[in-house]
Amino acid sequence: MANLQRQIDTLVAYFQSHCTRPGTIRLGLEVQHFITKLDNSPVDYEQLQHVLHTMQRVEDDPLLADGLYLGYRNSLYTVCLGPGGQLAIRMAPRNSVRELMLIYESCYARLCTSLASAGMRAHTLGVHPSRRAELLPIIPQSRWLTLDRYFKNTGGHGGLMLRATAATHVSIDYSSESDFIRKYRVASLIVPLLALLTDNSPFYHGSTNHGYSVRTHVWNDVDPDRCGIYPDVMDSGFGFSGYANKILQKPLVVARHGSRIVGVGRKSAFEVYPSVMGKGDVEQVLSMFCFDVSLQDGIVLRVADSMPPRFVAAYAQLIKTIFSSPAAQDGILRRYAGADAAQIEAAKLGVCCNGYQAQVYGRAAAGEISWLMAQAKSHAAAPEERRLLEPLASLAARRKTIREIEHYN
């Protein structure tokens with residue numbers, strides 16, 4: 001097992017290398033969009049490729065995989081395609097939500113202009129607006145085709161997740177292993193509340209949806225080895241080494257050998273990489289584990305649906321405020337002391353079934369969301385930050401979701 005320990009040490013060194021200066025926290029942001037024709041019918045890879053080419057500038061670097069053009073990147077953001085043709089705009093970490101949103105909204109406006117000229121449009125929704133997953137094409141890239149086959153044997157919703165879901169991801173910094181443990185646990189504890197607050201899936205299987213947090217329900221039935229709440233989050237041994245040890249011994253499914261993507265099935269990273277792992281190998285392994293809160297080059301919260309920009313800004317500010325305040329984090333840890341991964345999963349199931357009427361750690365979800373928003377407002381450092389929170393605070397006060405406010409009124 002000496003080689004396993006060397007791999008664990010490699011991942012731990014990678015995690016340590018991303019520790020930031022104490023007292024500061026930057027946010028990264030990714031918003032995924034469905035692209036359709038104006039009548040909401042799907043578009044194909046060639047049509048998406050054309051739109052990306054019209055957006056790319058001379059100074060941007062193209063993104064290629066398996067010889068396929070998947071997007072481009074520059075120093076401010078990356079634009080790339082997901083497995084079902086979802087178009088993601090991913091911003092590099094910034095110090096403020098205002099900075100992130102200026103970059104995102106500028107890129108989003110360019111996207112919408114390019115789409116309009118091609119007779120298409122973008123949707124910020126958690127689930128595809130018009131089609132069942134089996135009717136949607138998948139990008140013919142090795143990674144996605146391999147995962148699509150593999151997920152047929154691990155759960156009931158892998159194909160739907162790949163083709164027909166879209167999310168808002170926010171990443172946060174950590175300054176040390178102890179800071180990582182604290183923030184990762186806080187993030188995991190509030191996952192059920194965030195899933196409900198950011199519910200924006202008015203459609204499911206191509207029909208109107210009245211259920212809560214349906215994208216969370218979908219992700220819960222994909223693959224227990226790499227989705228859901230990280231199982232050891234509240235264990236005494238949780239940390240960089242424990243996280244590395246866990247994922248290195250789970251099925252990797254897809255590996256990278258140089259520029260080649262290869263399917264490896266149920267072989268673990270420990271089996272696939274018998275020698276020293278390079279930085280690219282480490283990042284490939286980390287990318288294959290999509291827990292609700294995951295560890296990559298920062299802590300990534302993956303639970304929110306894709307949302308309209310004002311809700312994206314409110315959500316990013318909520319995360320920024322909570323994770324900039326040790327007092328806010330202490331309050332969450334005290335309030336939910338004793339909760340473990342199984343109870344977090346039970347709370348997620350509760351909000352998917354009952355929304356604001358659900359029980360979250362023995363308390364009403366409606367009250368807990370109001371409490372969380374009150375914590376954010378009380379710890380926001382400036383009036384502008386409290387103003388940014390308002391769209392989500394208003395939802396909490398009305399006990400409504402984005403889905404209900406935006407689509408059913």
Side-chain angles (χ1 to χ4, degrees), residues 8 11-12 15 151 154-158 161 167 169-172 174 177-198 212-213 215-251 268 285-296 298-304 319 322-323 328-354 358-365 368-369 371-372:
I8 292 171
L11 264 66
V12 168
F15 299 147
F151 287 152
T154 61
H157 287 88
M161 178 276 289
H169 296 166
V170 173
S171 65
I172 56 175
Y174 53 84
E177 183 173 18
S178 60
D179 188 50
F180 155 73
I181 293 170
R182 173 196 185 91
K183 287 175 176 172
Y184 193 101
R185 285 175 171 166
V186 169
S188 297
L189 285 166
I190 62 175
V191 156
L193 305 179
L194 300 178
L196 178 56
L197 193 59
T198 63
Y212 292 98
S213 303
R215 194 182 66 87
T216 296
H217 167 71
V218 168
W219 272 88
N220 272 1
D221 188 26
V222 172
D223 182 357
D225 284 332
R226 69 198 68 250
C227 302
I229 295 295
Y230 180 79
D232 303 333
V233 60
M234 296 301 175
D235 291 2
S236 59
F238 176 67
F240 288 160
S241 181
Y243 191 95
N245 183 51
K246 176 74 73 175
I247 67 172
L248 284 168
Q249 297 188 74
K250 292 292 185 181
S268 68
V285 171
L286 295 177
S287 76
M288 295 305 300
F289 292 87
C290 304
F291 301 112
D292 295 333
V293 183
S294 61
L295 176 56
Q296 295 179 1
I299 301 169
V300 185
L301 289 82
R302 308 172 58 90
V303 71
I319 301 304
I322 293 296
F323 290 95
Q329 295 163 51
D330 281 342
I332 292 167
L333 290 170
R334 283 196 305 269
R335 191 171 183 89
Y336 303 134
D340 58 17
Q343 289 169 302
I344 300 172
E345 289 288 5
K348 285 170 56 185
L349 178 60
V351 299
C352 289
C353 293
N354 299 308
Q359 290 288 300
V360 175
Y361 315 128
R363 297 180 170 95
E368 295 313 289
I369 287 180
W371 177 83
L372 182 66

Residues which pass salt bridge (charged side-chain N to carboxylate O under 4.0 Å, His left out) with D330, listed by chain and number, not counting sequence neighbours |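 Counting only residues at least two positions away or on another chain, D330 forms a salt bridge (charged side-chain N to carboxylate O under 4.0 Å, His left out) with R182.
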
Just checking, is any N or O donor in the side chain of Y336 or E368 under 3.5 Å from an acceptor N or O on the other one?
->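 Per modelled atom types, Y336 and E368 side chains form a pair under 3.5 Å.
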
Main-chain N/O of [Y] paired with [X] side-chain donor or acceptor, under 3.5 Å:
X	Y	answer
Y243	L295	yes
R302	S294	no
Y174	I299	no

Classify the ring geometry between F240 and F15 as parallel (under 30°), tilted (30 to 60°) or perpendicular (over 60°).
->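 Tilted: the ring planes of F240 and F15 meet at 30° to 60°.
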
Would you check if [X] and [Y] make a side-chain contact, meaning some heavy-atom pair closer than 4.5 Å?
X	Y	answer
I369	V360	no
L11	I247	yes
N354	Y212	no
M161	C227	no
W371	I332	yes
E177	V12	no

Under 6.0 Å between ring centres, would you say that holds for F180 and F238?
-> yes

D223 and F151: side chain to side chain contact (heavy atoms under 4.5 Å, CB included), yes or no, with the steps?
-> CA-CA 7 Å; D223 182 357; F151 287 152; 3.8 Å; yes

Kindly compute the distance separating [atom1] ([X]) from [atom2] ([Y]), expressed to the nearest 0.5 Å.
X	Y	atom1	atom2	value
L333	K183	CG	NZ	12.5 Å
D232	D340	CG	CG	11.0 Å
K246	S241	NZ	OG	12.5 Å
I190	R335	CD1	CZ	13.0 Å
N220	R215	CG	CZ	10.5 Å

Name the one of T216, L301, V191 that satisfies side chain to side chain contact (heavy atoms under 4.5 Å, CB included) with D292?
->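 It is V191; the other options fail the test.
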
Specify the closest pair of heavy atoms between [X] and [Y], including all atoms of both residues, with the distance to one decimal.
X	Y	answer
P192	V351	O-CG2, 3.8 Å
L189	A339	CD2-CB, 3.8 Å
V222	T154	O-OG1, 2.6 Å
F291	P231	CE2-CD, 4.4 Å
V300	H169	CG1-CB, 4.2 Å
S188	I229	O-CD1, 4.1 Å

With side chain to side chain contact (heavy atoms under 4.5 Å, CB included) as the test, would you mind laying out the steps for K250 and M288 before giving the verdict?
-> CA-CA 10 Å; K250 292 292 185 181; M288 295 305 300; over 6 Å; no

